[in-house]
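For reference, the structure discussed in these notes is given below.
The first residue of the sequence shown is numbered 1, and numbering continues consecutively from there. Just so it is clear, the structure is predicted and the values come from calculations on it, not from any experiment. Whatever order the structure lists them in is the order used to number ligands and atoms, beginning at 1.
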Amino acid sequence: MKVLVINTGSSSIKFQCFDMDTEKVLLKGLVERIGEEVGKTKYSYGDKEFTVNDKVPNHKVGLEFIAKLLVDPKDGIIKDKSEITAVGHRTVHGGEKFHSSSLITHDVLDAIKEMVPIAPLHNPANITGIEVAQEIFPNAHHIAVFDTAFHQTMPDYAYRYAIPKDYYTRLHVRRYGFHGTSHLYVAKEVAKFLSIPFDKFNAITIHAGNGSSMAAIKGGMSIDTTMGMTPLEGLIMGTRSGDIDPAIPHYIVGRDKSNIDMVNVILNKQSGLKGICGSNDMREIQERYFEKNDPDAKLALEMYSYRIKKYIGAYCAALGFVDAIIFTAGVGENSSVIRQMSCAGLENLGIIFDNAQNERRTSSILEISKKESKIKVMVAPTNEELEIARQSVEVLRSGL
Ligand code: ADP
């Protein structure tokens, strides 16, 4: 079965086509700069890579181009686009309505549209992607896989904010959490690796990329996560502040005669690592620290890892028993420094870190704690696209 996975942003479409009998990626790529004068599209069939800079005026043209790549007479992977059985759509916000992936019907699409006020930056692009893909792949089943769905098992005392109840009932203000597909994927992979049944598996997952979040997983279900109503809460990220005193925006607006929209942009785009040291690239920050002893870079590394460490402690308490702590995504998979700093000094919690193992480089699952560690510390590569494809297949099978 061929499944196309699409992740539509406001000016980009990330795509991967899988043969789900083997889970092999047949074609993948990224269409960027949609709507700009010059476009940028990169794609590859296996190790054959291509780049084109043709203008891509809108998402429809972008997706038509992807459809053409699929049936390309020379490199194409199918003869006719009707061979795509399912299109899995990464959909950011499923609100309280979606606890799992869903076949996209009229009602489901309407519900995703209703979610726009709580996800104004993400859901509109996802909706465009769905509508255009339905036009271009009319024979395929379209499935929405939500970033928020995995976290819908959180108890109310974890997802509610201590503000007047009316904001929850009327405006749907609560913790939703994001990166659900990634947290679920790495947790399932590590449970399999450790031979622990997933419904008995307790883990703390750390998705540390440009956007970052952690989840507390009990018996295979999310019981808490660091991102909140929006992706701004929780960990320090590339450009997002994560947790701050909620009174700070009010103070800045008053002092700077600024406005709340501006402060929102600053907290989302100019803060986090970038706000602390001017860069949101962890590689560059590490280099500045190790080669020049740059104090801002040092502080950025310390603040970033200290926030992770605090949440490890919090989630150990929330879970009671923890099988594994799992690092994933760009920073989590590649930065041995951040992993080491985040786990240092946690022996009393049962975490005995192995510095030598931590320096090993591999693209598969790696254990970086010592044998005697009660809690295993693991590195696991994430693969959100594969998880979306797997869930799309599951939705189809459960509907047959
Ligand atoms: P996104 O959230 O955009 O998917 P990624 O998961 O790709 O982000 O993570 C991007 C982050 O990972 C960047 O801060 C980048 O510097 C960091 N990163 C990537 N490779 C390395 C590496 N080898 N060492 C340290 N950090 C890395």
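At the top of the distance list for atom 25 (C) of ligand 1, counting protein heavy atoms only, stands R283 CG, 3.7 Å. For atom 10 (C) of ligand 1, the closest non-hydrogen atom on the protein side is N210 N, 3.8 Å. The nearest protein atom to atom 26 (N) of ligand 1, hydrogens excluded, is given as M282 CB, 3.6 Å; this is a heavy-atom distance. From the protein, the heavy atom lying nearest to atom 22 (C) of ligand 1 is N334 CB, 3.2 Å.
Here atom 18 (N) of ligand 1 lies nearest to G330 when heavy atoms of G330, S182, S212 are compared.
For residues 290-314, the ring pair (Phe, Tyr, Trp, His ring centres under 6.0 Å) pairs, not counting sequence neighbours, are Y311-Y315. Every pair passing side-chain hydrogen bond (donor to acceptor under 3.5 Å, both in side chains) that includes a residue from residues 225-240 is listed here, sequence neighbours excluded: Y161-E233, R175-E233.
Ion pair K192/E189 flagged as a salt bridge, since at least one NZ, NE, NH1 or NH2 atom sits closer than 4.0 Å to an Asp/Glu carboxylate oxygen. Between K2 and E83 there is no salt bridge, since no side-chain N of the basic residue sits under 4.0 Å from a carboxylate O of the acidic one. Ion pairing between a basic and an acidic side chain is recognised when a charged N comes within 4.0 Å of a carboxylate O; E347 and K374 show no such pairing.
Taking every non-hydrogen atom of V331 and a distance limit under 4.0 Å, the qualifying atoms of ligand 1 come out as 11 (C), 12 (O), 14 (O), 17 (C). Per-residue contacts place A329 under 4.0 angstrom from the following atoms of ligand 1 (heavy atoms of the residue considered): 6 (O). Those atoms of ligand 1 with a heavy atom of G211 less than 4.0 angstrom away are 2 (O). Of all the atoms in ligand 1, the ones that sit under 4.0 Å from a non-hydrogen atom of N280 are 14 (O).
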Practice task
For I66 and Y43, run side-chain contact (heavy atoms from CB on, under 4.5 Å): C-alpha distance rounded to whole Å, both residues' side-chain angles, the deciding distance at 0.1 Å, then the answer.
Solution key: CA-CA 9 Å; I66 295 167; Y43 57 96; over 6 Å; no
Problem - Criterion side-chain contact (heavy atoms from CB on, under 4.5 Å) on R33 and S11, from CA distance to verdict - result: CA-CA 6 Å; R33 301 187 188 159; S11 62; over 6 Å; no
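Polar contact check, D281 against ligand 1: a nitrogen or oxygen pair lies under 3.5 Å apart. Residue-to-ligand polar distances keep Q286 apart from ligand 1: every N/O pair is separated by 3.5 Å or more.
Using modelled atom types, one finds a donor on one side chain and an acceptor on the other under 3.5 Å when comparing S82 with D80.
Atom 4 (O) of ligand 1 is not flagged as protein-proximal [any protein heavy atom, distance under 4.0 Å].
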